[in-house]
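Inspection log for the structure reproduced underneath, given as structure tokens.
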Amino acid sequence: MCAAPCREPTNGARHVPRAAGNPPSPSHAPPPLLYLARPMSAHSSSASNQSSTAQRPTSAAEIRKAFIDFFVSKAGHTFAPSSAVVPHDDPTLLFTNAGMNQFKDVFLGRGKRDYTRAVNTQKCIRAGGKHNDLEDVGKDTYHHTFFEMLGNWSFGDYFKQESIRWGFELLTKVYGLDPNRLYATWFEGNPAAGLEPDLEAKALWESLLPKDHVLPGNMKDNFWEMGETGPCGPCTEIHYDRIGGGRNAAKMVNSGDPDVLEIWNHVFIQFNREPDRSLKPLPAKHVDTGMGLERLVSVIQDKRSNYDTDLWAPVFEAIRARTGARPYGGKLDDHIDIAYRVIADHIRCLTMALTDGASPSNEGRGYVLRRILRRAVRHGHQTLGVRGPFLKDLVPAVVASLGGAFPELAPAAKRVAQLIEEEEVQFGKTLERGLALFSDAAARVKSAGGRTIAAEDAFRLHDTWGFPIDLTQVMAEEAGLTVDVAGYEALMEAAREKSRAAGGSETGMHFPPDAIAKLEELNVKPTDDHGKFAGKPTAATLMAIWNGKNFDEHVEADSSSLLAFIFDKTPMYAEMGGQIADHGTFRTDRAHGHGGDIERASGGNAVYEIEDVQRAGQYVLHIGRLKHGRMSCGEAGQLMLARDRRDAIRANHSATHALNLALRAVAGDEVEQKGSLVDDEKLRFDYAAKAALTLAQIAEVEKRVNAAIDTNLAIDAREVPLAKAREISGVRAVFGERYPDPVRVVSIGATVAELVAKPDSPKWHELSIEFCGGTHLTSMGEAKRFVLVSEGGLAAGVRRVFALTGARALAAQFAAEGLMSRVADAAKLDGEALVTEITDMTKMAESLELGAVARAEFERALEPVREKAKAARKQAEGAARDAAVVQARGIVEEHAKKPAGTPLVAMINGADAAALLAAIDAARAKFADTPILFLSPDFDASKVAIAATCPKSAIDKGLKAGDWVKAAAQACGGAGGGRPDTAQAGGKDPSKTREALDAAEAFAKSKG
RNA sequence: GGGGCGUUAGCUCAAUUGGGAGAGCGAUGCCUUUGCAAGGCAUAGGUUACCGGUUCGACCCCGGUACGCUCCA
């Protein structure tokens, strides 16, 4: 049994061609390898005997398969398919960024699997958040936004020895890598952090590799942490020297040399990082390894760059075919090659993410995707000279290269391409607007004789129009300008700081994994929550009291501190599956049990109010405050949930199921649930659909759900083995969700027994049958009424509806009826009353909860009433204007008798500012060279409107309209102003109209 | 989650310090033309997203709501 010598001397002799220009190969083959692999431990030797004789994997697909096969056959690892790259059940995570994500709950001690060893290739995206490789993509040969992570795991099963030995065996015997080119690092310890060196890993590696290939590493490189808090531990990294040739590359390990690269990391999880930064040993030790497939393939295929492997070739070819660019040349500093790498990487990432249910948007992960798409589009347009949407045409190439490993790609390809195209078109529009803005800024700079685009402009282009700084720079360059980049960076930093400073704080109860372990130590049994569906008052015993840091034996009333109580059993529902938690109380009554206690003096009864219920592993935490008395562990009492709240939640949850079915019937079979939220006030349902619901469709959906309520369909829920449940025709499961086995089936209109008895009956397609662990009504009639209150877009291709049931739905219906009759009555009103009634009803409609259909009907009914008010207003305005003009004509006639050029000052009745201006126009038509000032008192509104115009001749003499009206306005308690040629003003005291007229006359004379 | 920006005629967008809401395209009508393309003249089309506030006066300033874009976490 030998490792390297069995192979032909490929890796050493056939040298890697340099990416940019081929340097001469080394002139010699490496010396024969002297190293002899030590015998594997008995534990690990048997399963892989055939692998040394089997065909060595070379293509990416074979390499991927070999990894999985090795661990499955080697030691009973279970193949756990890649979880979605969009983590549906972990809001703390933007994208799945490591293989261990789907096992996070296991490491945290909150979840269990029915296996202790797992293997897979995980779809990962690193862009945004803690791991952000986006900016590096394209510039080098090994950063990717999307990549596959091969991994194997032990959950409290094997540890360092097996992990390292199997890893070595896989690399050297299955993949045939030269052990003389492998290096391993081990954790050197950190006295400051109280961490011992990992001498076990060191010794293991020294038994496999030459001693000078086994290197110590520090906290940064060899101690892995999941996040600020959480599971962590020392790790050992395996590095590979691409050059080889007998050299010792130890110094290049972890030094950034692209030829000596980390290929596999084995993490030994044995601690938990607490919020106070201290480390606590975990109850069970785990292994978590990760090896980047793309890198491994480049090593095995003996390519210098990840992009030179068969994983990328089809995508590059698609880019070339679509854009007409010259073929990919593999050079690092060539713009066209950079564009190839960026586009290829990004389209892979987008295709995977969109397939798994994400979509570009303006926040969160959708925003990251938008940025990725735009970056790819820019490289395509600027460098490769494409016009119009083109990324969408690359989707099939990604499907072709990865569809084999990820079967979900092909069915989604069409939808994904469409989403990408829409987003490309949208970006085109944004670009156009930004371009116009840039032209403005550039023109300003040039006309001012400058050569530098101001930092403010560059920042605004970026911040408001999404123009990346490098794009602004390129465009400035083309216009012969530069950009104040330093100033721009400063503004960006200031904006970031502002955004950070305003960040909010989180509240809630921290319940770390070792608290769960402690509960087990204390012999507290898992909470029996079988009663949660019935929700009946339950006699329960208080088993543990968690105060946020420790477990207490007793606790005194204190409304300010939040506690978590664990009972032996509970009727309460913990927040899960989009249904919020129950509220309730736990009461003890000591007075009956023990006579003469101190507690008796203080009333005896103790009350714990439960504000939230959460699951932690097998335990149910009842989070709340002790309002009265004192409580101790072991004490018995009564657990009671808030019944009204529970009933409202049940109604909303059952209605959500009925809604799901109705939507499918009305909007098409492709309607797919994307999420839902059920609480005591409303229900919210997100689903994938191409188009918005029309009003008629909303009405139809309501009709169908209400029909289910009116016929009082019975609801049944029962646990069924998962495989059997999946056979039921018409059953719907949520995308990306993991279901337990057995799974609970909730059916409306047929019993679960009937479904299981005849799973393939086509009848079931017309019923709501869902996998669901929530609380439901026993029959639909209890929901009383269903009203869909709003429908809107959440992201491209995703719609969100809100709906009400029960009393709230009836109230919405009642309010709508009231509003409609008011509209009918309003048609009879006119004048001021009509206007205020319209405003009032509009405000009412805004503040009330109304059905979407009712709201639209109200708007439609109100429309003609609005028209009427509008017409009346226009007519009144016109009449006022006409009246003012008529008066003005009379005044003009009178004034014509005076000497030409005499300023005209006069009063007009019943004119507002606009009418006065019309009057002035009429007068000016007659006397083009005469200063004119009109005013009009309005005793009802306690106002005096004033307007004036001055010809140029008067202005030259110092009679400016602005000053003139001011003089008049001051005489009647007002103010005003305007330009020299026309001005308006107003006074507040109509009784002083005479004084105002006199003041105006006097002012004109003083300038005359 | 927190910022920034925007919302004006059917469309694309203007509107100087708060002082009389405009342009181009489109629409409609008429004229010119054998017809088409086009041209000429004229007309209609606005609660300046919505609700409040400040002011003599608000598209403009302030606050709130809705929707959209965008940046940062």
Side-chain angles (χ1 to χ4, degrees), chain A residues 91-92 94 128-130 132 360-368 370-371 374 426-427 429-434 436-437 440 456 458-469 488 491-506 790 792-795 835 838-840 842-847 855 859 866-867 869-874 877 881 912-921 924 935-938 941-949 960-962 965-966 968-990 996:
Chain A
T92 67
L94 221 43
K130 186 181 160 217
N132 189 352
S361 75
N362 61 353
E363 54 188 21
R365 63 175 69 110
Y367 182 54
V368 173
R370 174 168 283 174
R371 261 164 39 199
R374 292 181 171 191
Q426 168 66 32
F427 183 42
K429 286 185 198 161
T430 306
L431 265 185
E432 255 173 58
R433 277 185 290 190
L437 229 76
D440 275 3
E456 287 76 15
F459 175 72
R460 199 156 56 97
L461 274 166
H462 171 77
D463 187 64
T464 305
W465 300 100
F467 248 55
I469 184 70
Y488 162 85
L491 287 171
M492 274 304 281
E493 191 41 52
R496 261 194 284 268
E497 189 48 47
K498 197 171 165 187
S499 198
R500 257 198 302 270
S505 61
E506 274 179 65
S790 81
L794 192 62
V835 174
I838 289 173
T839 314
D840 205 48
T842 309
K843 269 194 237 170
M844 279 284 269
E846 239 168 59
S847 64
R855 193 177 291 280
E859 288 294 334
R866 281 210 171 104
E867 284 298 325
K870 186 172 139 187
R873 184 178 49 83
K874 280 197 149 185
E877 280 174 6
R881 202 163 41 237
D912 61 7
L916 274 188
L917 284 164
I920 282 189
D921 277 344
R924 192 164 49 187
L935 51 73
S936 176
D938 180 345
S942 286
K943 275 181 179 178
V944 183
I946 306 168
T949 182
K960 292 180 191 159
V965 295
K966 205 174 280 176
Q970 273 161 5
C972 56
R979 294 186 301 246
D981 58 337
T982 48
Q984 292 157 52
K988 283 175 167 172
D989 191 352

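Per chain, numbering begins at 1; letters A, B, ... match sequence-line order.
Closest approach of A:Ala945 to A:Ala913, counting heavy atoms only: CB-N, 4.2 Å. Nearest approach of A:Gly976 to A:Lys966, heavy atoms of both residues: O-CE, 3.1 Å. Of all the heavy atoms in A:Gln984 and A:Val965, the pair that sits closest is O-CG2, 4.0 Å. Here the shortest heavy-atom pairing between A:Ala969 and A:Ala985 reads CB-CB, 3.9 Å. In terms of heavy-atom proximity, A:Ala968 sits nearest to A:Ile946 at C-CD1, 4.0 Å. Across every non-hydrogen atom of A:Leu916 and A:Leu935, the tightest pair is CD1-CA, 4.1 Å.
Note on A:Arg371: a side-chain N or O is less than 4.0 Å away from OP1 or OP2 of B:C72. Distances shown here put every side-chain N or O of A:Lys943 at or beyond 4.0 Å from the OP1 or OP2 atom of B:C56.
Spacing between atom CD1 of A:Ile469 and atom C1' of B:C71 amounts to 13 Å, rounded to whole angstrom units. The distance between atom OH of A:Tyr367 and atom P of B:A73, rounded to the nearest whole Å, is 9 Å. In this structure, A:Lys966 places its NZ atom 14 Å from P of B:G19, rounding to the nearest Å. In this entry the distance linking CZ of A:Phe427 with P of B:C71 reads 9 Å, nearest Å. For the pair A:Asp912 CG and B:A58 P, the computed distance is 12 Å after rounding to whole Å. Between the P atom of B:C69 and the CG atom of A:Asp463 lies a distance of 15 Å, rounded to the nearest Å. The separation between A:Leu491 atom CG and B:C5 atom C1' is 15 Å, rounded to whole Å. Straight-line distance from the CZ atom of A:Arg370 to the P atom of B:G68: 11 Å, rounded to whole Å.
Taking every side-chain heavy atom of A:Arg979 into account, B:G19 is the closest of B:C72, B:C56, B:G19.
Taking atom C1' in both B:G6 and B:A49, the straight-line distance is 11 Å, to the nearest Å. Of the P atoms belonging to B:G53 and B:C60, the separation is 14 Å, rounded to the nearest Å. Distance check on atom C1': B:G19 versus B:A58 gives 10 Å, rounded to whole Å. B:G40 and B:G26: their P atoms are spaced 11 Å apart (whole Å). When the C1' atom is used for both B:U70 and B:A9, the distance is 27 Å, rounded to whole Å. Rounded to a whole angstrom, the distance from the C1' atom of B:A44 to that of B:G22 is 16 Å. Comparing the P positions of B:C13 and B:U8 gives an interatomic distance of 9 Å, to the nearest angstrom. On the P atoms, B:G18 is 16 Å away from B:G63, given to the nearest whole Å.
Contacts of A:Arg370 classified as salt bridge (charged side-chain N to carboxylate O under 4.0 Å, His left out), with partners at least two apart in sequence or in another chain: A:Glu423.
Among the protein residues, A:Ala975 comes within range of the nucleic acid bases, having at least one heavy atom under 4.0 Å from a base atom. Contact annotation for A:Arg924: base contact, defined as any heavy-atom pair under 4.0 Å involving a base atom.
With RNA chain B read from its 5' end, the first of the two nearest nucleotides for A:Ala985 and A:Thr982 is the one closest to A:Thr982. In terms of position on RNA chain B, the residue among A:His462 and A:Gly978 whose nearest nucleotide sits closer to the 5' end is A:Gly978.
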- Given side chain to side chain contact (heavy atoms under 4.5 Å, CB included), test A:His462 with A:Tyr488 step by step and report yes or no. CA-CA 10 Å; A:His462 171 77; A:Tyr488 162 85; 3.4 Å; yes
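Pairs of Watson-Crick or G-U wobble type, with distances under 3.5 Å, assemble into runs of 3 or more in RNA chain B at these ranges: B:1-7 with B:66-72, B:10-13 with B:22-25, B:27-31 with B:39-43, B:49-53 with B:61-65.
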